[in-house]
Each structure stands twice: as structure tokens, then as C-alpha cells.
Amino acid sequence: MVLLRFSLKGVRRKLAIVACTGLFGVASFAGLSVLAANVYEEPAVNEASASGIVYAAANSNRAGEVMQALALAHPKRLSSALQRGGDWAVQLRGVWYYYADGRLLPEHMRDRAGQYSAQPFYQYYEKLPEWKMPSQEDAQRLAMAASNRQSSTRQNRSQFFYDDLWNIRDYDEAWMQQKTTRFFGKDILVHHAILEELALVEQRINKIAETKSAVKNWKNNLDSITSWNWRSIADIKTRSNHAYGIAVDLQMKNPNKLETYWLWTAEKRADWWNVPYSARLSPPEEVIKAFEAYGFIWGGKWIFYDTMHFEYRPEILILNDIPIEGEY
């Protein structure tokens with residue numbers, strides 16, 4: 001067995017985010033010290049919005065950190081990150097992809113960065129901080145941020161890099177990459193590249209469940225597991241990670257009617273953000289840590305929370321100095 005640990009270690013994160021007003025600076029919401037890029041599926045760099053958030057141009061340090069994290073996260077597909085042509089770049093399937101202010105564009109498209117919003121490389125917390133109720137001002141900004149997600153003028157993300165990474169550009173290509181696997185007693189379709197990681201997650205959780213009743217109860221109360229689904233993110237035009245087959249939703253039985261997904265909450269109450277952790281249907285911490293150990297992030301740590309959702313984004317963990325372990 002070889003134990004692998006991936007992180008940027010000495011490379012310091014300089015997020016290049018300027019917060020104009022409270023919410024996305026040092027203010028706290030839902031127990032999280034909120035940074036602009038920590039909002040699930042929100043635009044990242046060089047976009048100002050009515051919510052008062054301004055994103056500064058990413059500096060060279062940030063570009064290097066992101067591209068190095070990607071190279072560490074996907075060593076079988078990507079070259080080492082290099083400074084090339086005045087930017088940081090990695091090579092994928094013979095094509096050089098550049099940071100391009102977070103757009104991750106091939107060389108021939110670098111001059112079109114302004115046509116797209118950036119990929120999210122956000123602050124991700126190793127442990128959820130203490131819950132704090134948002135102020136009225138923060139609540140107004142969150143309401144505006146949710147409204148802006150549905151704007152018809154919103155730019156789509158540049159998906160070229162991730163399309164190439166997962167070798168998926170349309171429905172037929174997506175279908176060809178999916179494989180059926182058994183996961184906690186249910187058949188699911190996922191991208192073949194994460195089969196081993198999912199198997200290791202299940203193995204770890206099963207072992208923990210032998211001594212932790214909360215984890216055993218979580219397993220016994222799983223209602224459904226869904227994975228590959230060719231679709232865009234709900235209320236956003238950008239392709240979902242479910243479309244690549246690198247995300248899984250593990251829905252528990254919910255007799256107490258706890259909240260799971262911010263958009264479902266918003267259909268019932270306007271203040272969808274004002275939901276403490278105790279009112280959310282979340283897996284035990286041991287389950288979350290098992291997923292994170294093999295490169296998955298948990299949607300329960302997003303402002304636009306999705307507590308049933310896990311997706312394979314090892315580069316996010318690496319950027320935030322959260323070790324990824326692999327046991328082979």
C-alpha cells in the first residue's frame with residue numbers, strides 16, 4: 001500500500017479577491033468566513049455585480065497556484081504547470097491550456113477570455129466554522145446574488161478545459177465515458193476515471209461504520225444515489241459536473257423535513273440562507289472526510305448549499321492545503 005498526499009504545501013494562496021463591502025470580506029455567513037469565490041457556481045474573476053462584489057484581476061501567483069494544483073490533481077492527464085507565453089499553462093492531450101484569468105483556455109482562444117466567466121477555484125473549508133446568523137445587509141446581498149444567477153445576461157463558463165480533461169463534449173461522448181458500478185448497494189453510472197476513488201470512499205466508510213453508529217445509521221438510511229445526468233446546473237446555463245459523471249448525490253430519508261438544497265428551500269421561503277446547520281440534512285462528518293480523502297468536495301460547504309452532493313474536484317482541496325490520500 002502506498003500512501004499519497006497531495007498539497008501545494010509552501011505555495012501560499014493569494015486569492016486576488018477584493019471585497020467592496022461586508023458579506024464577502026471578513027464578514028461571516030452561516031458560520032463561514034465568506035470569500036466571493038466560495039459561492040457555489042458563482043462567477044470568479046473580473047466580474048462586478050449588483051451585489052457589491054468586485055473581483056480583481058488574478059495575479060501571477062494565483063495563476064501559478066491554480067495550474068500547479070490542477071497538475072497535481074490530474075497527473076496522468078496533465079503535464080507539469082509551466083510559465084509560458086506570459087501566463088501559466090498545462091498541456092492536456094497535446095493542447096496547451098492557459099490560466100487566462102481563470103478561464104482555462106487553449107492557446108488559440110486566449111484573446112477571447114472576456115467572452116466567458118471564470119471557472120470557480122474557491123476557498124473550501126476543512127471544517128465548518130461555527131454558524132452565525134447573517135446580518136440584514138448580508139441577507140440582502142445573498143438575495144441579490146441568487147437573483148443574479150438567473151440573469152439572461154450572465155456569461156457562460158469556458159468549459160473547454162474540463163470537456164477535454166474528461167473527454168466529454170456532448171451527450172454521446174458522455175455516455176461512452178460512463179461505467180456502471182455498485183455503490184452502497186445501488187447501481188450508478190459514473191465516469192470510469194473515478195471508479196477506484198469511489199470504491200475507496202465506500203471501503204473507508206464501511207470500516208468506520210463498524211464502530212460509529214452515526215455512520216452506520218447514515219448508510220442504513222440512504223434513500224437514493226444519483227450520479228451521471230446530462231444536464232446544466234439548476235438555474236445556470238453552465239454544464240453540471242453530473243454531466244461529466246464526476247458528481248454523486250446521496251439522498252437520505254428525511255422524516256424530519258430538514259433542508260437539503262438551497263434552491264428547494266428557496267421555493268418554500270425567501271430567506272433560504274437563514275438555515276442553521278442543525279436544520280440541514282447533512283451526512284456525518286466522518287462521511288464527508290472519507291470523500292475528501294479521495295478528492296471529492298462536499299456541497300454542504302457552499303453558500304448555495306447542497307448537502308447531498310459530492311463532486312470530484314481534487315484541485316480545490318489541493319489549493320486549500322487539504323491533503324488527499326490515496327491507498328492502493
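In this text, all values refer to a predicted model and were calculated from it rather than measured experimentally.
- Side-chain rings of Trp230 and His242 stay apart, their centers remaining 6.0 Å or farther from each other.
- For the atom pair Tyr97 OH and Leu104 CG, the distance stands at 9.5 Å (nearest 0.5 Å).
- Taking 4.5 Å as the limit, every side-chain heavy atom of Thr226 sits out of range of all side-chain heavy atoms of Ile188.
- Side-chain atoms of Arg157 do not come within 3.5 Å of backbone N or O of Tyr116 as any donor-acceptor pair.
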Can you check salt bridge (Lys or Arg N to Asp or Glu O under 4.0 Å) on Glu285 and Lys212, steps first, answer last? CA-CA 11 Å; Glu285 184 176 0; Lys212 296 283 187 176; over 6 Å; no

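- You'll find the side chain of Glu196 reaches within 4.5 Å of the side chain of Leu200, heavy atoms only.
- Within the 3.5 Å criterion, the main-chain N or O of Gly295 finds no donor-acceptor partner in the side chain of Glu197.
- The NZ atom of Lys186 sits 7.0 Å away from the CG atom of Asp223 when rounded to the nearest 0.5 Å.
- Residues Pro283 and Trp298 are in side-chain contact: their nearest non-hydrogen atoms beyond the backbone lie under 4.5 Å apart.
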Start with the C-alpha distance between Arg103 and Asp101, add both sets of side-chain angles, then the distance that settles salt bridge (Lys or Arg N to Asp or Glu O under 4.0 Å), and finish with yes or no. CA-CA 6 Å; Arg103 273 67 176 173; Asp101 284 342; 5.1 Å; no

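- Without hydrogens or angle criteria, Gln159 side chain to Arg239 main chain gives a donor-acceptor distance under 3.5 Å.
- Of all heavy-atom pairs between Ser282 and Thr307, the closest is OG-CG2, 3.7 Å.
- Side-chain contact between Glu210 and Val215 is absent, with no heavy-atom pair separated by less than 4.5 Å.
- A distance-only check finds a donor-acceptor pair linking the side chain of Asp170 to the backbone of Glu173 [under 3.5 Å].
- Across every non-hydrogen atom of Arg280 and Trp273, the tightest pair is NH2-O, 4.2 Å.
- Counting heavy atoms from C-beta on, the side chains of Phe304 and Trp272 come closer than 4.5 Å.
- In summary, the aromatic rings of Trp88 and Tyr99 are positioned with their centroids too far apart to meet the 6.0 Å limit.
- Ion pairing between Arg169 and Asp164 holds under the 4.0 Å rule for side-chain N and carboxylate O.
- Judged purely by atom type and a 3.5 angstrom limit, Ser227 uses its side chain to pair as donor or acceptor with the backbone of Leu189.
- A centroid separation of less than 6.0 Å is found between the aromatic rings of His74 and Trp166.
- Under the 3.5 Å distance criterion, the side-chain polar atoms of Asn320 are matched with a main-chain donor or acceptor of Tyr124.
- One hydrophobic cluster, built from ILVMFWY side chains closer than 4.5 Å, cannot hold both Met176 and Tyr171; they sit in different ones.
- For Phe296 and Phe310, the distance between ring centers is not under 6.0 angstrom.
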Apply side chain to side chain contact (heavy atoms under 4.5 Å, CB included) to the pair Leu142 and Ile303, showing each step before the final yes or no. CA-CA 9 Å; Leu142 281 165; Ile303 299 302; 3.6 Å; yes

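- Ring pair Trp302/Tyr122 is perpendicular by interplanar angle, where above 60° counts as perpendicular and below 30° as parallel.
- Interatomic distance, CG of Leu222 versus CE of Met308, reported as 12.5 Å (0.5 Å rounding).
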List the steps and the verdict of side chain to side chain contact (heavy atoms under 4.5 Å, CB included) for Arg204 and Phe291. CA-CA 9 Å; Arg204 177 171 290 199; Phe291 273 95; over 6 Å; no

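- Listed by chain and residue number, Arg84 satisfy the salt bridge (charged side-chain N to carboxylate O under 4.0 Å, His left out) test with Glu107 (two or more places apart in sequence, or in another chain).
- Rounding to the nearest 0.5 angstrom, the gap separating the CD atom in Gln68 from the CG atom in Leu70 is 10.5 Å.
- Between Trp175 and Trp228, the ring-plane angle classifies as tilted under the 30° and 60° cut-offs.
- Within 6.0 Å of NZ on Lys207 lie no more than 12 heavy atoms contributed by other residues, nucleotides or ligands.
- Nearest heavy-atom pair across Ala71 and Ala81 is CB-N, 4.0 Å.
- Remark: side-chain polar atoms of Glu202 are not paired, donor with acceptor, to backbone N or O of Leu198 under 3.5 angstrom.
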Take Lys289 and Glu292 through the test salt bridge (Lys or Arg N to Asp or Glu O under 4.0 Å) and record every step on the way to the result. CA-CA 5 Å; Lys289 293 303 180 188; Glu292 290 174 344; 3.4 Å; yes

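- Other residues, nucleotides and ligands place no more than 12 heavy atoms under 6.0 Å from the NZ atom of Lys257.
- Asp138 contributes no side-chain N or O that, together with a main-chain N or O of Pro134, makes up a donor-acceptor pair within less than 3.5 Å.
- Under a 4.5 Å side-chain heavy-atom cut-off, the cluster of Ile, Leu, Val, Met, Phe, Trp and Tyr residues that includes Tyr98 is completed by Leu82, Trp96.
- Between the side chain of Arg182 and the backbone N or O of Gly185 there is at least one donor-acceptor pair closer than 3.5 Å.
- With contacts defined as side-chain heavy-atom distances shorter than 4.5 Å, the pair His192/Gln177 qualifies.
- Considering CZ of Phe121 and CE of Met67, their distance stands at 7.5 Å, rounded to 0.5 Å.
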Would you check, one step at a time, whether the test side chain to side chain contact (heavy atoms under 4.5 Å, CB included) holds for Ile246 with Tyr162? CA-CA 11 Å; Ile246 61 168; Tyr162 283 106; 6.0 Å; no

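- Closest approach of Lys216 to Ala209, counting heavy atoms only: CB-O, 3.7 Å.
- The side-chain heavy atoms of Tyr305 and Thr260, taken from C-beta on, include no pair separated by under 4.5 Å.
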Dump the intermediate steps for side chain to side chain contact (heavy atoms under 4.5 Å, CB included) on Val248 and Val190, then the final yes or no. CA-CA 8 Å; Val248 292; Val190 296; 4.2 Å; yes

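- For the pair Asn256 (side chain) and Leu258 (backbone), a donor-acceptor distance under 3.5 Å is absent.
- Across Lys253 and Asn220, no two heavy atoms sit closer than the pair NZ-O, 4.4 Å.
- Taking NE2 of His309 as the reference point, atom OG of Ser240 lies at 6.5 Å (rounded to 0.5 Å).
- With Glu259 as the fixed residue, the side chain to side chain contact (heavy atoms under 4.5 Å, CB included) test singles out one of Asn254, Leu281, Thr265: Thr265.
- Using modelled atom types and a 3.5 Å distance limit, the side chains of Asn241 and Tyr312 yield no donor-acceptor pair.
- For the pair Lys179 and Leu195, the minimum side-chain heavy-atom distance is below 4.5 Å.
- In plain terms, the two heavy atoms of Tyr125 and Ile322 that are nearest each other are C-CD1, 4.2 Å.
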